[in-house]
Engineer: 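Mind looking over this structure? Questions follow.
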Amino acid sequence: MNLQQKIYKKLLEVPKGQITTYGDLAKAVGLKNGQRVVGQIMNKNPHPVIIPCHRVVMSTGKIGGYAYGEHVKTRMLNDEGIQIENGKIVNLKDTLYRF
DNA sequence: CGGCTGGCGTCGT
DNA sequence: TACGACGCCAGCC
């Protein structure tokens, strides 16, 4: 199974209303410091819309990037009940999903 | 709080 | 097939 298939599968475990970080997702698939790799794969995203890549944020609390634009990502997260302020997650620890 | 460096899979040459 | 550059970060200074 390809790495992106693992990431894609793991990401689907994240329920609506909860999010994860690039680092955690990377570790979930067996990578130590694969944060950037995860982000890169999300960008290449082989299955747009099917993969909720908008539920993946940076460990610093910032939204991070998004293939369709950060504002779109922010809007989707807000729609799932996640509080965002000035481009950052307000209660990251509270909305963070644990694998 | 801002900036620089580390570290790893993919893509292109 | 092999090597180098790049990218929706993370962590330390």
Side-chain angles (χ1 to χ4, degrees):
Chain A
M1 187 181 285
N2 289 333
L3 183 61
Q4 62 178 259
Q5 287 297 307
K6 291 182 182 177
I7 295 174
Y8 149 79
K9 186 176 181 181
K10 281 293 177 184
L11 186 54
L12 289 180
E13 288 182 26
V14 182
K16 180 179 179 181
Q18 286 187 277
I19 58 179
T20 186
T21 65
Y22 294 97
D24 284 357
L25 191 58
K27 289 180 181 177
V29 296
L31 294 177
K32 292 182 180 181
N33 305 329
Q35 328 87 331
R36 310 186 69 178
V37 181
V38 173
Q40 184 178 166
I41 292 178
M42 296 314 274
N43 186 22
K44 301 301 178 183
N45 202 327
H47 306 288
V49 199
I50 300 178
I51 302 179
C53 48
H54 60 278
R55 289 182 189 160
V56 186
V57 299
M58 301 198 292
S59 65
T60 58
K62 294 182 180 180
I63 301 303
Y66 190 59
Y68 299 114
E70 293 181 45
H71 54 94
V72 177
K73 182 174 181 177
T74 302
R75 184 175 171 176
M76 295 179 87
L77 290 175
N78 265 303
D79 188 59
E80 297 197 356
I82 296 175
Q83 304 292 314
I84 299 176
E85 191 173 297
N86 298 326
K88 303 167 220 163
I89 305 294
V90 178
N91 45 355
L92 178 63
K93 177 174 80 73
D94 190 59
T95 56
L96 191 60
Y97 174 75
R98 302 196 176 190
F99 291 105

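Note that this is a predicted model, so its numbers are computed, not measured. Letters A, B, ... are given to chains in the order of the sequence lines, protein chains preceding strands, and every chain is numbered from 1.
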Engineer: Check whether A:Val72 and A:Leu77 end up in the same hydrophobic cluster, where Ile, Leu, Val, Met, Phe, Trp and Tyr are linked by side-chain heavy atoms less than 4.5 Å apart.
Structural biologist: no

Engineer: Should A:Leu3 and A:Leu31 count as side-chain neighbours, where that means a heavy-atom distance under 4.5 Å?
Structural biologist: yes

Engineer: Taking a hydrophobic cluster as the set of Ile, Leu, Val, Met, Phe, Trp and Tyr residues connected by side-chain heavy atoms closer than 4.5 Å, whether directly or through intermediates, do A:Met58 and A:Ile7 fall within one such cluster?
Structural biologist: yes

Engineer: Determine which bases of DNA chain C form Watson-Crick or G-U wobble pairs with both distances under 3.5 Å, and write the result as a 5' to 3' dot-bracket string with | for other-strand partners.
Structural biologist: .||||||.|||||

Engineer: Answer yes if A:Leu92 and A:Ile84 sit in the same cluster of Ile, Leu, Val, Met, Phe, Trp and Tyr residues linked by side chain heavy atoms under 4.5 Å apart, and no otherwise.
Structural biologist: yes

Engineer: Any side-chain heavy atom of A:Val14 sitting closer than 4.5 Å to one from A:Phe99?
Structural biologist: yes

Engineer: In whole angstrom, give the distance that lies between atom CG of A:Leu31 and atom P of C:dA10.
Structural biologist: 13 Å

Engineer: Report the residue (A:Ile63 or A:Lys27) whose heavy-atom-nearest nucleotide on DNA chain C is the more 5′ of the two.
Structural biologist: A:Ile63

Engineer: Rounded to whole Å, please give me the gap between CE in A:Met42 and P in C:dG7.
Structural biologist: 18 Å

Engineer: Applying the side-chain hydrogen bond (donor to acceptor under 3.5 Å, both in side chains) criterion to A:Glu80, which one of A:His54, A:Lys16, A:Gln18 satisfies it?
Structural biologist: A:His54

Engineer: For A:Gln35 and C:dC12, give me the distance from atom CD to atom P, rounded to whole Å.
Structural biologist: 12 Å

Engineer: With a 4.0 Å cut-off on heavy atoms, is A:Gly23 in touch with a base, just the backbone sugar-phosphate, or nothing at all?
Structural biologist: sugar-phosphate

Engineer: Looking at every non-hydrogen atom in both residues, tell me the closest pair between A:Pro52 and A:Leu12 and how far apart they are.
Structural biologist: CD-CD2, 3.8 Å

Engineer: Taking CG from A:Asn2 and P from B:dC11, how many angstroms apart are they, rounded to a whole number?
Structural biologist: 10 Å

Engineer: Quick one: label A:Lys32 by what it contacts on the DNA or RNA (base, sugar-phosphate, nothing), any heavy atom closer than 4.0 Å.
Structural biologist: nothing

Engineer: How far does CD1 of A:Ile89 sit from OG1 of A:Thr95, to the nearest 0.5 angstrom?
Structural biologist: 5.5 Å

Engineer: Can you tell me the distance, in whole Å, between the NZ atom of A:Lys6 and the P atom of B:dT10?
Structural biologist: 10 Å

Engineer: How long is the line joining OH of A:Tyr22 and P of C:dC9, in whole Å?
Structural biologist: 6 Å

Engineer: Would you indicate whether the side-chain heavy atoms of A:Glu13 and A:Thr20 approach each other to under 4.5 Å?
Structural biologist: no

Engineer: Hey, does A:Tyr66 have a side-chain heavy atom less than 4.5 Å from the side chain of A:Met76?
Structural biologist: yes

Engineer: Is any side-chain heavy atom of A:Lys73 closer than 4.5 Å to a side-chain heavy atom of A:Tyr68?
Structural biologist: no

Engineer: With the threshold set at under 4.0 Å for non-hydrogen atoms, list the residues of residues 91-99 of chain A touching DNA chain C in residue-number order.
Structural biologist: none

Engineer: Should A:Ile51 and A:Val37 be counted in the same cluster of Ile, Leu, Val, Met, Phe, Trp and Tyr side chains packed under 4.5 Å apart?
Structural biologist: yes

Engineer: Does anything in residues 54-62 of chain A come within less than 4.0 Å of DNA chain B? Heavy atoms only, and list the residues if so.
Structural biologist: none

Engineer: Would you kindly give the CD-to-C1' distance between A:Gln40 and B:dG12, to the nearest whole Å?
Structural biologist: 12 Å

Engineer: Given atom CD of A:Gln4 and atom C1' of C:dG7, what is their separation to the nearest angstrom?
Structural biologist: 15 Å

Engineer: Out of B:dG6, B:dC8, C:dG7, which nucleotide sits closest to the side chain of A:Asn33?
Structural biologist: B:dC8

